[in-house]
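Beneath this line is the structure, given in structure tokens, with notes to follow.
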Amino acid sequence: MGFTIGGSRSTREFRSGARRRGRTSECTAVAEYTGLWGWDAVPGARAAAPTRQCSCGHTNCSAPGAHPLDFAPTVKAGATLDEVTEAWGEYPGAAVLLPAGRAFDVIEVSAEAGRRALVRLERMGLPLGPVTATPDGRAQFFVAPGAAAELPQLLYRMGWDDADLDLRALGPGAYVTAPPSDFAGLGPVSWLRPPALDSAGAPPQARLLLGTLAYLCHRFRR
């Protein structure tokens, strides 16, 4: 049947051990996201390789290992390590998901375009937020909330509205798998540019990055 997060295997001893281990690993990471960077976090499903069976238990899951667990609470921004440990202890082994549309939106491009864009943007001295790399070959740039709703108009103003770009924005209702969690049974997510105190709480406006991202998406698409 595969594994189940917080399922029938959860004896008292198992939960106690999971909590102790979690305090030094996944709970510490979650507490950094909530307490240091000011982000909400949600326990997410995992997918077991090689079959990528989702821990949610649904055989027809449309997003194995890449969605919030049913009935899992949101751990709010500002939660301490003790508060995170208490909440996350009910879902040992859960992936860490960050809801977009609150503290940030995300612009997602191919990993190749994203890495080249990151180098250019850093050389240009433009403000940058965190950037993740996913095991399925995507780069995710954290930008100010509202980018998902504004993206079509921004691309139109920049003359990229008719281009076939491998670029999309994630906003309200979407979730980002946070490092070091596994994504969809494919491997761990990593940071191309980790959070920093001067950018995590105030990511840049999408318009500052979009021109470079769109150009490199178009170049590598061709």
Side-chain angles (χ1 to χ4, degrees), residues 29-30 32-44 63 66-68 72 74-79 95-118 120-122 124 126-161 163-179 181 183-184 189-218:
V30 176
E32 179 177 321
Y33 293 141
T34 60
L36 191 56
W37 311 127
W39 298 335
D40 294 348
V42 181
H67 65 85
T74 298
V75 181
K76 292 294 187 179
V96 182
L97 301 186
L98 308 176
R102 300 179 187 179
F104 58 83
D105 279 7
V106 165
I107 297 179
E108 182 182 283
V109 299
S110 72
E112 184 176 19
R115 291 176 188 276
R116 298 292 183 93
L118 185 58
R120 288 196 179 202
L121 292 165
E122 288 177 335
M124 294 164 66
L126 291 173
L128 288 167
V131 184
T132 65
T134 68
D136 60 342
R138 309 297 291 172
Q140 297 175 323
F141 287 72
F142 287 39
V143 293
E150 297 171 357
L151 184 63
Q153 187 65 21
L154 288 173
L155 290 173
Y156 173 77
R157 291 175 182 174
M158 295 179 180
W160 291 107
D161 55 310
D164 183 18
L165 301 177
D166 182 13
L167 181 153
R168 66 169 182 157
L170 306 177
Y175 293 84
V176 176
T177 301
S181 292
F183 174 75
V189 178
S190 60
W191 292 114
L192 288 180
R193 192 175 192 273
L197 289 173
D198 62 346
S199 63
Q205 295 294 320
R207 58 181 174 79
L208 298 176
L209 317 182
L210 192 56
T212 299
L213 289 171
Y215 168 74
L216 287 166
C217 284
H218 178 67

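Just so we're clear, the structure is a prediction, and the values are computed from it rather than from any experiment.
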Checklist line | Minimal non-hydrogen separation, Pro130 against Pro195, with atom names | finding: CG-CA, 3.8 Å
Item checked: Verdict with supporting geometry, Val176 and Val189, side chain to side chain contact (heavy atoms under 4.5 Å, CB included) -> CA-CA 10 Å; Val176 176; Val189 178; over 6 Å; no
Item checked: Test side chain to side chain contact (heavy atoms under 4.5 Å, CB included) applied to Trp160 and Leu154, step by step -> CA-CA 9 Å; Trp160 291 107; Leu154 288 173; over 6 Å; no
Checklist line | Between CG on residue Leu121 and OG1 on residue Thr212, distance to nearest 0.5 Å | finding: 4.5 Å
Checklist line | Arg116 side chain vs Leu216 backbone, donor-acceptor pair below 3.5 Å | finding: no
Notebook entry, point to check: So, does Thr34 use its side chain to make a donor-acceptor pair with the main chain of Ala79 at under 3.5 Å?
Noted result: yes
Check: Got a second to check how far Phe183's CZ is from Leu97's CG, nearest 0.5 Å?
Finding: 9.5 Å
Next item on the list: Kindly give the heavy-atom pair with the smallest separation between Ser181 and Val96, and that separation in Å.
Entry: OG-N, 2.9 Å
Next item on the list: Please lay out, stage by stage, how Arg138 and Asp166 fare under the test side chain to side chain contact (heavy atoms under 4.5 Å, CB included).
Entry: CA-CA 10 Å; Arg138 309 297 291 172; Asp166 182 13; 2.9 Å; yes
Next item on the list: Could you give me the CA-CA distance, side-chain angles and deciding distance for Arg157 and Leu210, then say whether side chain to side chain contact (heavy atoms under 4.5 Å, CB included) is met?
Entry: CA-CA 11 Å; Arg157 291 175 182 174; Leu210 192 56; over 6 Å; no
Note to self: Using 0.5 Å steps for rounding, measure from the SG atom of Cys217 to the CD atom of Glu108.
What the structure shows: 10.0 Å
Check: Looking at Gly171 and Asp105, what are the two nearest heavy atoms and their distance?
Finding: CA-OD1, 3.6 Å
Check: OG1 of Thr177 to NE2 of His67: how many Å apart, nearest 0.5 Å?
Finding: 10.5 Å
Check: Would you call the rings of Trp39 and Phe142 parallel, tilted or perpendicular if under 30° counts as parallel and over 60° as perpendicular?
Finding: tilted
Next item on the list: Would you name the heavy atoms of Gly129 and Arg193 that are closest together and state the gap between them?
Entry: O-NH1, 3.4 Å
Item checked: Gap between atom CG of Leu118 and atom CG of Leu126 - 0.5 Å precision -> 11.5 Å
Check: Closest heavy-atom contact between Val42 and Pro99?
Finding: CG2-CD, 4.4 Å
Next item on the list: Determine yes or no for a side-chain-to-main-chain donor-acceptor pair under 3.5 angstrom, with Asp40 supplying the side chain and Ala77 the backbone.
Entry: yes
Check: Hey, what do you get for CZ (Phe141) to CG (Leu209), rounding to the nearest 0.5 Å?
Finding: 7.0 Å
Next item on the list: Of all the heavy-atom pairs spanning Ala169 and Ala148, show the shortest one and how long it is.
Entry: CB-CA, 3.6 Å
